[in-house]
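Each residue takes its place number in the sequence, starting with 1.
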Amino acid sequence: MGTMKVSEVIVKILEAEGIKAAFGIPGAGINGIKAAFGIPGAGINGIYKYLGESNIEHYCNRHEEASVHAAGGYFRASGEMAVALCTSGPGATNFVTGVYTCNIDSIPVVAITGQAVTAQLGKDAFQCVDIAQICEPVTKKTYCITDPEAVVETFAEAFRIAREGKPGAVVIDLPLDVQNSDIEFDPTTYKSLSYEVPSPDQDKIEQAITMIRNAKNPLLLMGGGVILADATEKCVQLAETLNMPVITTYMAKGGIPEDHKLNAGHCGIQVGQPIGNKVFLDSDLVLGIGCRFTDRHTGAIDVYRRDRKFIHINIEPGEIGKIFEPELGIVADAALAIDALLVEAQKCNYKSNHVDVEALPQLRSEMARKTNYSQQPIIPHRVFEELNKYFGDNAIFTTGCGITQIWSGQLQQINQPRLYLASGGAGTLGYDIPAAFGAAVATGKQAVAVMGDFGFTFHAQELAVCAKNKIPVIVVVVNNAYLGLIRQNQKYAYGYECDVAMEENQGMMDYVKVAEGFACYGERVFDPEEIPAALKRAQESGKPAVIDIICDQNVDCSMGTALDNCREFVY
């Protein structure tokens with residue numbers, strides 16, 4: 001065992017934890033003149049010295065929030081963790097939205113922030129802010145390490161907490177003097193902390209199968225936790241064994257192939273589909289695995305719960321009963337629970353006779369929303385038809401918030417897990433491009449960020465990061481020159497319209513020049529028939545690209561709760 005700088009120790013720990021990629025921005029709250037006078041400083045540069053010498057590939061973002069989105073996108077696409085780093089003060093506070101976005105979607109990430117020296121904590125020093133306290137409500141855990149001897153233990157615990165149970169974000173704040181301290185450390189002795197993966201109670205598994213057998217129209221609800229557990233194939237096998245229709249939550253999109261005979265799409269508000277609403281309404285028992293029953297899925301709880309029983313399986317005990325009390329709650333890892341259910345299902349040889357199960361293929365065709373519009377300006381639905389046709393299963397999609405995300409959730413066809421990476425719980429504008437960048441770095445696949453014209457202006461600077469690193473992310477801008485979802489709420493809930501029209505986004509604003517200014521390919525499309533050719537030109541350019549698709553300003557999106565089926569607006 002020898003002596004090492006804490007900063008070097010941290011980088012060695014990151015390597016030992018399997019970190020291959022880091023996203024961040026180096027920085028310091030001190031300049032040479034101050035240093036010459038011995039004034040204490042702040043920042044993260046202590047770690048960057050050793051990060052640059054490591055096997056970890058670092059990508060320098062243009063905004064700290066984007067660093068966390070990129071690290072989150074890396075995990076969403078690959079299932080492997082990345083880290084995010086930034087300096088103190090405003091750099092650290094810029095982290096907050098990214099940290100929240102990861103945490104609410106159960107994405108494990110360790111976010112490391114630089115800090116002023118310990119002697120300056122709480123004294124309003126330059127770029128000194130209590131980021132651990134600020135982030136505490138939107139993370140699994142936060143730390144501010146003031147004792148260098150606690151660094152190894154803290155980092156080991158942080159990685160365990162980020163991964164264990166319901167995954168999430170952990171923030172570690174590092175004062176500069178701690179980074180520069182010397183401690184005894186032997187990298188060969190460091191080991192990741194293990195943790196218990198909860199197995200289901202066998203009696204409850206048997207009770208669940210009994211409840212399913214006693215139901216008339218049982219339904220399987222696949223949540224995002226099934227994707228996190230890498231258990232989608234077994235979940236589909238369970239549905240096949242029991243002959244139960246499958247509805248996926250928004251975070252589980254892609255967990256079952258679109259054309260699978262048991263796929264009943266989505267239900268609920270915003271990204272709900274007519275087929276999902278119908279099948280859900282016809283069901284009298286819901287087996288929810290790895291889901292949270294949040295408002296975006298359920299709509300009005302009294303409507304959602306009416307005349308049906310619920311079995312809720314979740315790895316996090318606090319999730320069961322948080323929204324409503326199910327008839328049966330099972331605390332377990334999704335994969336282990338599905339395995340146990342499969343064993344019992346195969347023993348009893350039961351097949352559901354859900355009223356809709358044989359008709360699902362026909363229902364998917366009959367209840368699909370129309371997308372093959374030929375009008376100009378382009379109807380937004382047509383954009384998603386062309387994306388489905390052009391990319392198929394050969395791209396990863398990201399989408400952040402607003403009316404474009406809702407259209408995407410309703411209309412995009414995704415057949416595999418980890419190809420659809422949405423900001424589901426936070427709905428974060430600006431998430432799309434950096435998350436696509438992180439996903440592409442992780443997998444080498446084509447990544448496509450689908451966003452609105454207003455959302456494009458959030459973190460468009462990350463195109464420069466894509467260009468610098470030769471990561472050809474394609475940005476598809478569904479440009480309807482409106483804050484579409486906000487207009488819809490104003491219009492139907494309040495009967496007015498205020499400050500949501502953005503005609504300039506189809507006129508004086510030139511997103512093609514924005515793209516070209518960041519060394520990317522850019523093209524504006526007016527004719528729906530030209531969308532495939534534009535996508536092809538974007539790919540053939542070999543560069544990151546922005547395809548600005550000029551759409552009809554007057555099209556709203558279809559929304560509704562599970563009972564109040566989706567209202568079809570305009571088209």
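The minimum heavy-atom distance linking Ala82 with Ala21 is given by the pair CB-O, 3.4 Å. Of all heavy-atom pairs spanning Pro200 and Ala337, the tightest one is CG-CA, 3.9 Å. Taking every heavy atom of both residues into account, Gly255 and Val236 meet most closely at O-CG2, 3.7 Å. The two residues Ala169 and Thr139 make their nearest non-hydrogen contact at O-CB, 3.3 Å. In terms of heavy-atom proximity, Ala162 sits nearest to Pro108 at O-CB, 3.2 Å. Listed here is the closest heavy atom pair of Leu429 and Cys401: CD2-CB, 4.0 Å.
Under the 30°/60° scheme for interplanar angles, the aromatic rings of Phe23 and Phe437 are found to stand perpendicular. Ring-plane geometry between Tyr304 and Phe280 is classed as parallel, the angle between the planes falling under 30 degrees on a 0 to 90 degree scale with a further cut at 60. Between Phe454 and Phe458, the ring planes are perpendicular. Angles over 60° get that label, and only those under 30° would be called parallel.
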Item to complete: Please step through salt bridge (charged side-chain N to carboxylate O under 4.0 Å, His left out) for the pair Arg305 and Glu325, ending with a clear verdict.
Response: CA-CA 10 Å; Arg305 293 190 64 189; Glu325 285 294 336; over 6 Å; no
Discussion item. Under the criterion side chain to side chain contact (heavy atoms under 4.5 Å, CB included), I'd like the reasoning laid out for Gln410 against Arg369: C-alpha separation, chi angles, the key distance, then a yes or no.
Written reply: CA-CA 8 Å; Gln410 292 174 348; Arg369 290 191 173 93; 3.5 Å; yes
Worksheet item: Should Glu80 and Lys20 be marked as a salt bridge (charged side-chain N to carboxylate O under 4.0 Å, His left out) after you check the CA-CA gap, both sets of side-chain angles, and the distance that decides it?
Response: CA-CA 9 Å; Glu80 296 184 3; Lys20 299 182 180 68; 3.8 Å; yes
Discussion item. I'd like to know whether Ile289 forms a side chain to side chain contact (heavy atoms under 4.5 Å, CB included) with Leu238, so could you lay out the CA-CA distance, the side-chain angles of the two residues, the decisive distance to 0.1 Å, and finally the verdict.
Written reply: CA-CA 11 Å; Ile289 306 176; Leu238 176 63; 4.2 Å; yes
Practice prompt. Report the C-alpha separation of Ile131 and Phe95 in whole Å, then their side-chain angles, then the decisive distance to 0.1 Å, and conclude whether the side chain to side chain contact (heavy atoms under 4.5 Å, CB included) test is met.
Written response: CA-CA 9 Å; Ile131 193 63; Phe95 253 21; 5.6 Å; no
Worksheet item: Could you go step by step and tell me if Ile112 and Val110 meet the side chain to side chain contact (heavy atoms under 4.5 Å, CB included) rule?
Response: CA-CA 6 Å; Ile112 303 168; Val110 171; 4.0 Å; yes
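Judged by distance alone, the side chains of Glu136 and Thr142 never bring a donor and an acceptor atom under 3.5 Å apart. Using modelled atom types and a 3.5 Å distance limit, the side chains of Ser283 and His354 yield a donor-acceptor pair. Side chains of Asn217 and Asp282: a donor-acceptor N/O pair is absent below 3.5 angstrom, by distance only. A donor-acceptor pair shorter than 3.5 Å can be found between the side chains of Glu366 and Gln362. Side-chain contact annotation: His260 with Glu240, donor-acceptor N/O pair under 3.5 Å present. For Tyr350 and Thr241, the side-chain atoms include no donor-acceptor pair closer than 3.5 Å. No side-chain donor-acceptor contact under 3.5 Å links Gln270 and Gln405. Thr399 and Ser408 form no side-chain donor-acceptor contact under 3.5 Å, judged by distance and modelled atom types alone. Checking Asn372 against Glu385 by side-chain atom types alone, no donor-acceptor pair falls below 3.5 Å.
Judged purely by atom type and a 3.5 angstrom limit, Asp453 uses its side chain to pair as donor or acceptor with the backbone of Asn480. Side chain of Asn243 to backbone of Val357: no donor-acceptor contact under 3.5 angstrom is found. Distance alone, capped at 3.5 Å, is enough to place a donor-acceptor pair between the Glu327 side chain and the Phe310 backbone. In this structure, the side chain of Asp105 does not engage the main chain of Gly72 through any donor-acceptor pair within 3.5 Å. With hydrogens and angles disregarded, a donor-acceptor distance shorter than 3.5 Å links the side chain of Lys253 to the backbone of Gly409. For Asn103 (side chain) and Val99 (main-chain N/O), no donor-acceptor pair under 3.5 Å exists by modelled atom type. Although no hydrogens or angles enter the test, the distance criterion places a donor-acceptor pair under 3.5 Å between the side chain of Lys140 and the main chain of Glu164. The closest donor-acceptor contact from the side chain of Arg364 to the backbone of Ala359 lies at 3.5 Å or more, if one exists at all. A donor-acceptor distance shorter than 3.5 angstrom exists from the side chain of Asp432 to the backbone of Gly400, with no hydrogens or angles considered. The main-chain N or O of Ile315 is never found under 3.5 Å from a side-chain atom of Asp333 such that the two would form a donor-acceptor pair.
Aromatic rings from Tyr250 and Tyr420 are positioned such that their centres are separated by under 6.0 Å. A ring-centre distance under 6.0 Å is found for Phe293 and His312.
No option in His63, His459, His69 other than His69 meets the ring pair (Phe, Tyr, Trp, His ring centres under 6.0 Å) test with Tyr431. Partner Pro167 forms a side-chain contact (heavy atoms from CB on, under 4.5 Å) with one of Val109, Ile107, Leu228, Ile161 and no other, that one being Leu228. The one candidate from Leu485, Asp556, Ile269 that meets the side-chain contact (heavy atoms from CB on, under 4.5 Å) condition with Ile406 is Leu485.
Atom CD of Glu233 sits in a sparse spot, with 12 or fewer heavy atoms from other residues, nucleotides or ligands closer than 6.0 Å.
The line from CE of Met251 to SG of Cys291 is 12.5 Å long, rounded to the nearest 0.5 Å. Note: Leu360 CG to Lys278 NZ = 9.5 Å, rounded to the nearest 0.5 Å. Here CG of Leu262 is found 10.0 Å from CG of Leu242. Values are rounded to the nearest 0.5 Å. Distance check, rounded to the nearest 0.5 Å: CG of Asn415 to CD1 of Ile256 gives 10.0 Å. Rounding to the nearest 0.5 Å places CD1 of Ile212 at 11.0 Å from CD of Glu344. A distance of 5.5 Å separates CZ in Arg292 from CD1 in Ile104, rounded to the nearest 0.5 Å.
Phe75 carries Arg418 over the face of its six-membered ring, with the cationic atom under 6.0 Å from the centre and within 45° of the normal. A cation-pi arrangement, defined by a distance under 6.0 Å to the six-membered ring centre and an angle within 45 degrees of its axis, is absent between Lys389 and Phe391. For the pair Arg487 and Tyr482, the distance from NZ or CZ to the six-membered ring centre is under 6.0 Å and the angle to the ring normal is within 45 degrees.
A salt bridge is absent between Glu316 and Lys322; no separation between the charged side-chain nitrogens and carboxylate oxygens falls under 4.0 Å. With salt bridges taken as basic N to acidic carboxylate O contacts below 4.0 Å, one links Glu319 and Lys166. Ion pairing between a basic and an acidic side chain is recognised when a charged N comes within 4.0 Å of a carboxylate O; Lys234 and Asp339 show such pairing.
Within the 4.5 Å cutoff, the side chain of Met222 has no heavy atoms near those of the Ile247 side chain. Side-chain contact between Thr443 and Ile396: present, with at least one pair of heavy atoms (C-beta onward) separated by less than 4.5 Å. In this structure, Leu221 and His297 have side chains that are in contact, with non-hydrogen atoms separated by less than 4.5 Å.
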